[in-house]
Amino acid sequence: MSEIASELDSESSNERFARGSRLVDLLSKTGLSLAILAVILYGSFSSPAFFTTGNFLNILTSMSIIGIVVVGMTFVLVVGGLADLSVPATIACGAILSLGLQPVIGPVPAFVVAVALSGLIGSVNGVLVGYLGVNPIIATLGIGTIALGIVQAAVGGVIVYGANPESAEFVKGRLFGIPVVVLIFLAVAVIGHFILARSFWGRWTLATGGNYSAAEASAVPVKAVKAGAFVITAVAAGISGGLLGLTLQSARPLIGQGYEFSAITAVVVGGVSIMGGFGSVPRAIAGLIFVQLLTNVMVLDGVRTPIQGFVLGILIAGAVGMDSALRKRGVA
Amino acid sequence: KTVCYVTAADSHAYATPANVALQERADELGIEILNLSQDFDVQKGTEQLNTCVARGVDGIILWPLDPQAYIPGLARAQQSNIPSILINSPMAEQANQFIKSFTGPDVYEEGEMAADALSTAMDGKGSVVIIAGQAGNGTTIGRVGGFVDRLKEVNSDIEVLDTVNADFDQQKALVVSRDLITRFGDKIMGVYANDDTMARGFIDAWKEANPSEPTPPIVGINGQKDAFESIRSGEMYATIVQSPVEDGKLAINTMAEILDGKEVDSRLPIPLTVVTMENVNSVEPAF
Amino acid sequence: MRQTIAIVLQYRVAIILALTLTVSGLIVPGYLSETTLSLGLDRAAAIGLIATGLTVLLIAGQIDLSGGAIFALAGIVSTILQPSLGILPAALVGVFVGGLCGAINGGLVVGLKVNSLVLTLATMLIFRAVAHWITNSQPVTGTDIMFSLTMAQIYLDIFSIRSALFIVCIILLHLWLTRTIAGRNVFAVGSNATAAEESGVAAGRVVFFGFIFAGSLAGVAGVLQSLVTNTGSPVFGSELTVAVIAAVVVGGTRLEGGRGSALGTLGGVLTMAALTMAMEFQSVPAYLQQVVSGLILILLVVLDRTVHTRGRAAGAIPLLVTQNPITTGGKP
Amino acid sequence: MGKDLTLVREEIKPEMGSTDFALSMKGITKTFPGVKALSNVNFAVKFGTVHAVVGENGAGKSTLMKVLSGSYQPTSGTIEVGGTEARLRRPADAQALGIRMVHQELNLVPDLTVAENIYLGRMPGRWGFLDKNEMLQKATAVLQEQETAIDPQEILGNLSISQQQLVEIAKAYAANPRIIVLDEPTSSLSEHETAALFRILRKMRDAGIAIVYISHRLKEVLEIADEVTVLRDGSMIETRPIAGISASEMIQLMVGREVSNVFPKSPAKIGEPVLRVNSISDGANFRDVSFDVRAGEILGLIGLVGAGRTEVARAIFGLSGIVEGTLTLNGKDVVINSPAEAVKAGIAYVPEDRKGDGIIPGMSIRENISLPVLRSLTTFGWIRGKADRTLADQYVKQFSISPPDPERRVNLLSGGNQQKAVIAKWLAAKPSVLILDEPTRGVDVGAKAEIHNIIGQLVANGMAVVMISSELPEVLGVCDRIVVMRDGQASPPIDRQDLTEERIMALATGEEVA
Ligand SMILES: Nc1ncnc2c1ncn2[C@@H]1O[C@H](COP(=O)(O)OP(=O)(O)OP(=O)(O)O)[C@@H](O)[C@H]1O
Ligand SMILES: Nc1ncnc2c1ncn2[C@@H]1O[C@H](COP(=O)(O)OP(=O)(O)OP(=O)(O)O)[C@@H](O)[C@H]1O
Ligand SMILES: [Mg+2]
Ligand SMILES: [Mg+2]
C-alpha cells in the first residue's frame, strides 16, 4: 500500500528468508513411506508368504476394525485433546448393543442405535473436555469406566451372542472381491480425510489444536469443535465395535481392550503431533499400515509376542523422538 | 452363613455360568454369597482376600489366577479361622496347607486328553499349532504343559510349529490365526486351541483364507454349544467338556460340607469328557 | 461465602474421605473396625506407593503410564535373583531396576524432548515385553514362602510392613515438597518449565529425577508385592495405572502440572480404598463399583473446574492466565 | 512523587576487568531455519550506563539478547563479559556471570507465589530446606523499593499482566546483577509505573550496573538511555551517545530512510453512530460503561493498565459475559454471546496478546486470514480452495506482509508482520465496527505507520474503529474522540481537541495535576 512497505518487502524477501533445510523437510514428508517400503522389501525377502494377495488381504482385514478407530483418534490428537481412553468402552458399547438389540429391533436398527449410543458417550466426553475444561485423560478414563459399567449392568454382566447370521455373513463377506469390513474402513477413512483436510470443520479442528485462544478469538466455536472430536472418535469406535461384534457373533465388555493404545500408536507413528494443531488422516493411516506390516513380518518370521511388544514400544518412542526433532528444526 | 467368592471375572464365557450356578446353589443352601470379581487381575484378587478376612466371612472360595500369589491371603484367612477352598484352577503345592480342598477340572489332564485326541485324529504324526490362552495364566500353563508333556511322553511324531497367545479371546485368535495360516499354510495339519472360543477364531480365519478347503483337525476345550455345532459340521474334531455349572456347584457344595463341620477330600475333580463326532449327540454341551 | 467454598475445596479430599467412612460405617455392618482399617491400609499400599511417585511427576507436569509394567518387572527381577543373591539383596536389585526403568523414561523424555504420555506408553510396552521375555510368560516363584507370610503380617494391629512404608514415604514426600527448595522447584518446573529453566532451575534434571523417583517407588511397590505373594508375574500390575492416576487426581493433583500435594494423594488413595472395601463388603458387582469410582473421579474434577471458574467472575481472571501460552509455557 | 529512594541492597561493586566494558559481543551471527536473524553483530556496553537497543520488528533485538542470556547459542561470534571470554551454554551460565534478563514475553511461574517467583532458582535456605521468612522479607523489601503494592504471598497467576511484568523486573533486580537486560519492559506498563521503573533504573545505573534497554518507545529511550545501538535486518547499524541523536535520526537509522509524520491524522467523514454501548457491566472488572462510536470515527479507549479496557472489548466481542447493559448496533439492540455472533453482527476484535490470542502458529498466513470467514468460503461445508487463496493473496498484497508468501507459517514472521496478518484476518470479515486492542504494542515505527495508514483507510471507507492504546501520543494523534477508563469505569467520550496528555493522565489516575 505505501512506498515504505514495498521497499521493506524487496529488502526482507532476500536471502534472510531462505527456505528451511530441504533434507529435513523431505524426510518428514517421505520418511514413513520409505519405512513402509523398507518393511515390504524386507518382508518379501524374508518370507515367501509375505508378498501374496492373501497376506495383503489379511493385513487389510486385520487393520480395518482398528483403522476406523484410528480415523477418529486423529481428530482427538489434532484438536489438542491428547487421547481418548474411553475407546475400549465405546467399542464394547457398540458391540454389545448391536448384538444385544438384534432380537428386539432387528439387525440394522440395532447397529444404528449402538453407534448412536456410542456417540452419546462421545458427547459426554466432549462436554467434559470441551465445555467444562476437564483434562481429556481423566475425563475419558472416568467416562470410559462409567459407560462400560452401565453397559455391563444393562446386560447383567454376561456375554451377548449374535442372533442374526445373515448380518454376520454380510459383514464377513466380500464385495467385488474385497472384504466388506475393508470397504467400510476405506469409506470411513476417505470421509474422515476430507472432513479434516477440506471442510471448515477440519480447518477449525486444526486451528483449535494449534492455538485455542486465538481460534476462539477468531470466532471459531472452539468448545464445540473440541467436543466434536470426541464425538467423532466415539462414533468411529461405535462403528468399529458394531462390526467387531457382528464378525465375532459374540461380545463381552472387555472386547475393546487395548484398542485405544493401538490407535494412539498408529496415529503417533504416523507423525500426528500429540500437542495438537498438526496432522492428517492419511498420515495416521500410513502409521497404521507401517505398524501392521511390521507386526505381520514379525509374525511371519516367527518372532515371539513379547518381542513384538518390544519392537512396537521402540517404534513409538522413535516416532515421537523424530517428531520432536523435526519440530525443533522448524519443519513438520 | 456368609461365604466370600472371589471369582475370576463377571463376564466371561466360562466364568459367568459357573458364577450363576454357584449363586443359585448357594441360594438353595441358604448361604449368603459375597461375590468379588477380580476381572482377571491377580493383584486385585490378592487384595480382595483382605476384604474377605476383614468382613469376617465364614468361608472363602477362591478362583486363583496365579499359582502362588494368594498364599499370604489364604494364610491370613487361616489365621482368622476362615476355611478356604479353590475353584477351577490349581495353585502351587505350598498353598495346600492353607486350603481345605481344590474343586475343579484338572487343566493339566485336559491338555493330556487334548494331545491324545489330536494324536488319534492325525494318526500320531504331522505338525500342529497351539493357540494358547493368556500368557502366565494358570489354566494356560496347565493346558499347554499337559499337551506338550503328553506328546513327549508318548514319543509322538507330532511337531509343534508354534505356540501363540490369544488370551482366550476370539478376535485375537482370529488375528493370530490369519498370520499362522499365511506363515505355515499347508504345514498346519492340526490345531490345539486352549478353549473353544479361540478354536472358533481359527475356523473363521481358515474359512476366510481357504473357503473351499476343509479345516485341519482342531481340538478345543470347554465344550461350548457352538463347538458342538462345529463338531457336527466337521469343522472341529473334538472338544473336552468341562461344565462350568458342575464347577460352580461342586465348589459351593464342598464349602457347605466344610461349614457343616464335615471333612472333605483335598482334591475334588469335576468330570471331563472328550466329545467327538461319535458322541456329540449323546453328551450335553457345557454351556 | 467464598471463604467457605475455598476451605471446602482445599480440604475436599479429607471431606470426601470422612463422608465415605461415615456413610459406609452407617450402612455396612462391621465396617469401622481395626481389621478393616489395617487390611484396608495394606491393600492401599501397592497403589499408594506408586501414587506417591506419580504425584511428584504430575506436579512436575509429566505423566508415567509405565508404572504398572515397572511394578511387574521389578518384582520378577527380585524374585528370580533370590536363589543366587538372597532375599534382601535381590529385593534391592529389584528396586534398582525400577529406578533404572525410571531413568530410561526420564532420559528419553528429557533427551528427546518428547511428550511423556506417549513415551511412557512406549516404555510400558517395552518393560512389559521384557517382563514376559525373561520369564517366558510364566510366573516365577520365590525361595521362601515363610518370608512372605512375615511380610504380610499386621503389626501393632494396624500396619503391615508395606502400609507403614507407604505412610512414611508419603509424609516424607509431603515435607520435601512443601519445605525444601528442591520441592518448590518441582512445582516451578510443572507450572512453567521454560520460565523455571530461565531462572536457573535445571528443569531437565528435575524431570529426570522425578522419573527416577517414580520408577523407584513403582519398583519398591513391585518388589514388596512379589515378596508378599512370593511370586513375580509378568501380568502383575496391568490394571494398576488407571487406579493410580485416579487416586492421585482425586487427591487434587492436577494433570497439567504445577499443583498438587502428597497429603492429597494419601487422601485420594485412602478414599478409593475405603470406597472399594465398602462396596465389596456389600457385594456390589464389579461393574457397578467401576461406575461409582468413575463418577467420583469425574465429579471431583468437574467440581474443581466449576468452582475455579466461578471464582473468576468474582475478581481473578484465571482464563487469561490459564489459557495464555505465555503464562503456561506454551501448554494448551 | 519524587520521594527519595533508598536501596535496601548491598552496594554493588562490579569487578572491573581490564576494561570498563561490562560486556562486548563480537561478530555474532545467528541463523534459524530459513532466517538469518543476526549477521556479524558487534555490541558493547559500559558499566554504569543505560544502553538502548532500537530497531524495527524482526531486526534481531530479542535474538541478540537471548544469545547474551544463554537462551540461544550463536552460530558464530564471541562474547566477553567483564573482559574475559565467556561461553554461555544455558541461562544458568549467564546468570552465574551476573547477567539477568527481563524477557519480552512474560517468563514466570503462575502456580508459585510472587516471592517464590522472585527468588526462583536461588531461594534462600539451609541444608536444602527453604527459609520462607527470609525469602518473604527480602521479597517485600524489593517490591517496596519498586513502589508496587503487590503482595509477595499472592499466587502469581492471580495478578494482572502488568503486575506480572513488575514482578519480572523485581526478580531480575533482586538477583544483584552486574548486567541487566530489559526487553520492552514498559510495553504493558502505565506511565506512572514506567516513571517508577526509570527511577530504579537510574539508581541501578548509578550503582555501576550495566543496563541494556530495548524499547520501541523512542521517547523513553531519549529519556533514560546514555547510549543507543540501532539494529536493522539483523545487522548492527550504529552505536551513538544519546546526546548526539534525535528521535527522527533514530527512526531514519532504523528504517534506513526518513519517516515524516509518525502519527498521521485521519481526515475521514464522520457519520451516524454504528455501535452504542449502554451502561454495560460484567460484574467484576468494569461497570456502567457507556459510549458510542460513529462511522468513519476512531474512538480511543485509554487508561492505566488494568483499568478494564481489554475486558470491555472482550465483553463486546462475546469472549466474556455481560451481566448488565445492552449493545445497540446500527440502531438495533443486539445480544452477543460468542465471537461467532459478534462476527455475524459485524464486530471484529484484534486482541492485545498477539501470540496468545492472535495467531495460530502452526498455520500458514492464508489459513490464519480466512479463519473467521471460513464458513462463507464453503459450499456444503467444503472449502473452496480458490476462494481461500484469492482472499489471502489480496490481503498479503494489500498489507505488504513480508515475506509475501501466503503459504508461510505465520509464526516465522516478525512481530509487526504477524500483527498485520491478524488485522488482515479481521478485515476479511468485513466488519462495521473494528476494535483494536493495543494494535501497535511492540511494533516498530515503520510497521506502526503502516498500521495507522491501514486504520486511516478503513475509517475513510466508513468503518467505525475503537482503538485501545496505552500510548498517549498515539491516541492523541490518531483518535477523534477519547474515552478514559479508570478502575472499571469510563468517562464519556471527549473530543480530542479538548484533551491534553496531562488532562488524560489526570482522568486516568484520578489525581488532579497542577
Ligand atoms: N525461534 C525462532 N525460529 C525462527 N526464526 C526466529 C526465531 N526467533 C526469531 N526468529 C526470526 O528472527 C528475526 C529476528 O527476531 P527478533 O525476535 O530477534 O526480533 P526483534 O528485533 O526482537 O523484533 P520485535 O521488535 O518484534 O520483538 C525475525 O525475522 C524472526 O522471525
Ligand atoms: N491476566 C489477568 N489475571 C487476573 N486479573 C487480570 C488479568 N488481566 C487483567 N486483570 C484484571 O482485570 C481488570 C481489567 O483488566 P484489563 O486487562 O481489562 O485492563 P486493561 O485496561 O485492558 O489493561 P491492559 O493494558 O493490561 O490490557 C483489572 O482489575 C485487572 O487487574
Ligand atoms: Mg523482540
Ligand atoms: Mg488491555
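Keep in mind that what you see is a predicted model, and the values were worked out from it rather than measured. Worth knowing before you read on, the calculation uses all heavy atoms, side chains too, and leaves out hydrogens, waters and symmetry mates. Protein chains get the first letters and strands the later ones, always in sequence-line order, with residue 1 at the start of each.
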* Kindly give the heavy-atom pair with the smallest separation between A/Arg203 and D/Met363, and that separation in Å. => O-CE, 3.6 Å
* To do: Quick one: do A/Trp204 and D/Arg375 satisfy side-chain contact (heavy atoms from CB on, under 4.5 Å)? Show the steps, please.
  => CA-CA 10 Å; A/Trp204 281 356; D/Arg375 285 303 292 274; 3.9 Å; yes
* So does D/Lys344 have more than 12 non-hydrogen atoms from other groups sitting under 6.0 Å from NZ? -> no
* Top contributor to chain A interface from D/Ala342, D/Pro361, D/Ala429 [non-hydrogen pairs under 4.5 Å] -> D/Pro361
* Under the side-chain contact (heavy atoms from CB on, under 4.5 Å) rule, what do D/Leu374 and A/Trp201 come out as? Steps first, then yes or no, please. => CA-CA 9 Å; D/Leu374 203 55; A/Trp201 191 267; over 6 Å; no
* Asked: Thinking salt bridges, do D/Asp388 and A/Arg198 make one under a 4.0 Å N-O criterion?
  -> no
* Asked: If you count heavy-atom pairs under 4.5 Å with chain A, which of D/Leu377, D/Val343, D/Ile359 comes out on top?
  -> D/Ile359
* At what distance, to the nearest 0.5 angstrom, does CG of D/Asp357 lie from OG of A/Ser218? -> 9.0 Å
* Structure fact -> If one checks every heavy atom of D/Ile383 against chain A at 4.5 Å, the contacting part turns out to be both
* To do: Identify the two heavy atoms, one from D/Trp382 and one from A/Phe194, that lie closest to each other, and give their separation to 0.1 Å.
  => CZ3-O, 3.1 Å
* To do: Starting at CG of A/Leu206, measure out to CD1 of D/Ile360 and round the result to the nearest 0.5 Å.
  => 9.5 Å
* Asked: With chain D, which of A/Gly277, A/Ala215, A/Ala219 has the greatest number of heavy-atom pairs at distances under 4.5 Å?
  -> A/Ala219
* Structure fact -> Greatest number of non-hydrogen atom pairs under 4.5 angstrom with chain D, of A/Pro221, A/Ala217, A/Gly210, falls to A/Ala217
* **Atom group of D/Thr378 that falls short of 4.5 Å from chain A, counting heavy atoms** => side chain
* Proximal component of D/Ser370, with respect to chain A [non-hydrogen, under 4.5 Å] -> side chain
* **Inter-residue atom distance D/Leu371.CG - A/Thr208.OG1, 0.5 Å rounding** => 8.0 Å
